[in-house]
Amino acid sequence: MSEITPQEPAPLSESEIVAARRAKLKRFRDELGFEPYGNRQDGLLSCAQARACFCEAAHSTFDASSRAAKAAKVAGTEAAAVVDTRTRAKIAGRVVQHRDMGKLVFLSLRDATGDIQISVSKAAVKENEWELAKATDYGDILLAEGPVGRTQKGEVCIWAEGVDLGAKSLAPAPEKWHGITDPELRYRRRYVDMYANPETAKVFAMRARIVSRIRRYMDDRGFLEVETPVLQSIAGGAAARPFTTHHNALDMPLFMRIAPELYLKRCLVGGMRKVYEINRNFRNEGIDRSHNPEFTAMEVYEAFGDYGTMMVLIESLIHELAVSMVAERTDAGLRAEADGPMLPWGEMNINYAAPFVRVKYEDLFRRGVGVEMRDFAAVRAKARACGLHHEAKLDDWLVVNELFEELAEPLLDPCRPTFVTDYPSAVSPLTRPSRTDPVLCERWDIFIGGMEIGPAYTELNDPDIQLSKFTEQMKGADDEESTFRTLDEDFIDALRVGMPPAGGVGIGIDRLVMLLTDSASIRDVILFPLLRTVAPRDGEASHGAQENKAQSEKSAMQKHEGGAHA
RNA sequence: GAUUGCGUAGCUCAGUCGGUAGAGCAGCGGCCUUUUAAGCCGCGGGUCCUGGGUUCAAGUCCCAGCGCAAUCACCA
């Protein structure tokens, strides 16, 4: 790896900007004696820490005493020594501003914590350091060391007494004011987006804290975090198309999981009382503002709980997260309102006050559709009146559900988190029917901002009912679906061993992060969202592209070999 | 998968009725020791997404394709 000798491959198509940067790299190394790709550095402060080092008293003491010394020098009198008690800081950051005043250069360096200005004076640094500061490009990573003071305009500034090169950047930098705005570029070159648009980096820092708070919340309540297979020979636990893959040595077809559900339930059978997994799922389906083919969810199961247990758990979790976001996002002028934490989401202002709204499916249906959902004649009449033309082909309950989605769901207030409870059994085939009314099942869905954040169930743990429902479901699957649906007999076996009654819930973490960080698209909260690959143009066949090609050829060969060995 | 919109310099964007391709930033050369998107003087930089077509002439009009976005469909 380290044996690659530095050289100038300089493809013909290279732009003059890149050529200029390469020339500088060479100059920094050969003439100025800097290592363009840096070395270990100890004792670095972050930009935010360095800014926090500023002390007004030390600054004014230094300012006064150095002015006195200067005056004394002019007057030719004896002066007291300059008093400098300013804190010194050593920082590293990417150059995002470069203002060259002649014999004084102002630079803004940026790291994940923010920006800090440094000033490099010709008189204060070594000759080669001065030349480096003069010639450095936007995007280079620099190190600076010196006292933390202030400029005449009041900006906190490190008055550099030493400058070093952390890493030379060869890439043309984005516009220093607008950053990059083209969403495609932002997703494809996220590493540029992250430094050019500090908002991006901020969202991902918030995401990390949200996920960490979720973990702490679950851990504090005695839930055990587990990890279950991503590669599954039967992709169960949800109705979705899986991605397919293949294990060479075992010569076995495999699926990427669409849900961890069936494995987490096995954990309950094994004796875990409370489990959760923050899990990446993969679903081979369309992409839009709230769907990415791989997404993060949290699934939770609690033995001897039910869907009500899960409601209390999730309501308080989301409420707590909202409270902490209000506290954290002071920049957005947020505060805890008397009637609950409010967070903006696009044009909306969502009120996370607990308790959340609760509405029964049947009641919402009555309000939205205007007829009783169990009165199928009235339901069908209404469907026809609404122009639901394929109504005749549908099962009664499917018509109910279509009308519900069309006419009742829009009644939900997107600005209030809402639990819709007690769905008809017929539309949730794998759910346990209600103890009091078998037409209904013990399930809720939580909606926030018009998005479905997740469902919860009182889990089905009767192996015989589970088996017959699975079988029934597979009969209804069309050809394409049935290719992916296989009866998970081992799971039925597990239920036969005996699974305690349980409540379970799945929460879409990406969507929750969208809401909490005011992000419009799921791609804004996923670091590297899936994009179509784009063929490199002629003359642009870069190193990376060739490598990729070589790699895919290699893996194709391996696959071939795997097949041959079988 | 369908519909609509967008694709112009490294980046952010103009480009009129079809008539020689523009600006700011970035880059290169010069000046400048307190700037805040610093400023001033000068210079270079284009596969107008790709391929066809119409036309004397296409960044601009038409067709097809590619990519992205939005909406819908599929889907939790």
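Computed from a prediction, not measured in an experiment: that's the story for all the values here.
- Atom C1' of B/C40 sits at a distance of 9 Å from the matching atom of B/C32, rounded to the whole Å.
- The base of B/G45 does not come close enough to the side chain of A/Glu16 for any donor and acceptor atom to sit less than 3.5 Å apart.
- Residue A/Ser108 places no side-chain atom within donor-acceptor reach of the base of B/U36, judged by atom type and a 3.5 Å distance cut-off alone.
- Between A/Tyr361 and A/Tyr423, a ring centre-to-centre spacing shorter than 6.0 Å is recorded.
- Looking at the side chain of A/Glu155, the nearest of the listed nucleotides B/G27, B/C13, B/U36 is B/U36.
- Here A/Lys176 reaches the OP1 or OP2 of B/A38: one of its side-chain N or O atoms lies under 4.0 Å away.
- Here the nucleotide nearest the side chain of A/His178, chosen from B/A38, B/A70, B/A37, is B/A37.
- For A/Glu175 and B/G24, a side-chain-to-base donor-acceptor distance below 3.5 Å is present, hydrogens and geometry of angles not being considered.
- Nearest-nucleotide positions on RNA chain B for A/Ala520 and A/Ala238 put A/Ala520 closer to the 5' end.
- A/Lys24 contributes a side-chain N or O that, together with a main-chain N or O of A/Ala135, makes up a donor-acceptor pair within less than 3.5 Å.
- How far OH of A/Tyr263 is from CZ of A/Arg257: 10.0 Å, rounded to the nearest 0.5 Å.
- Side-chain nitrogen and oxygen atoms of A/Thr181 include at least one within less than 4.0 Å of the OP1 or OP2 phosphate oxygen of B/C13.
- Spacing between B/U8 and B/A2 at atom P, rounded to whole Å, works out to 25 Å.
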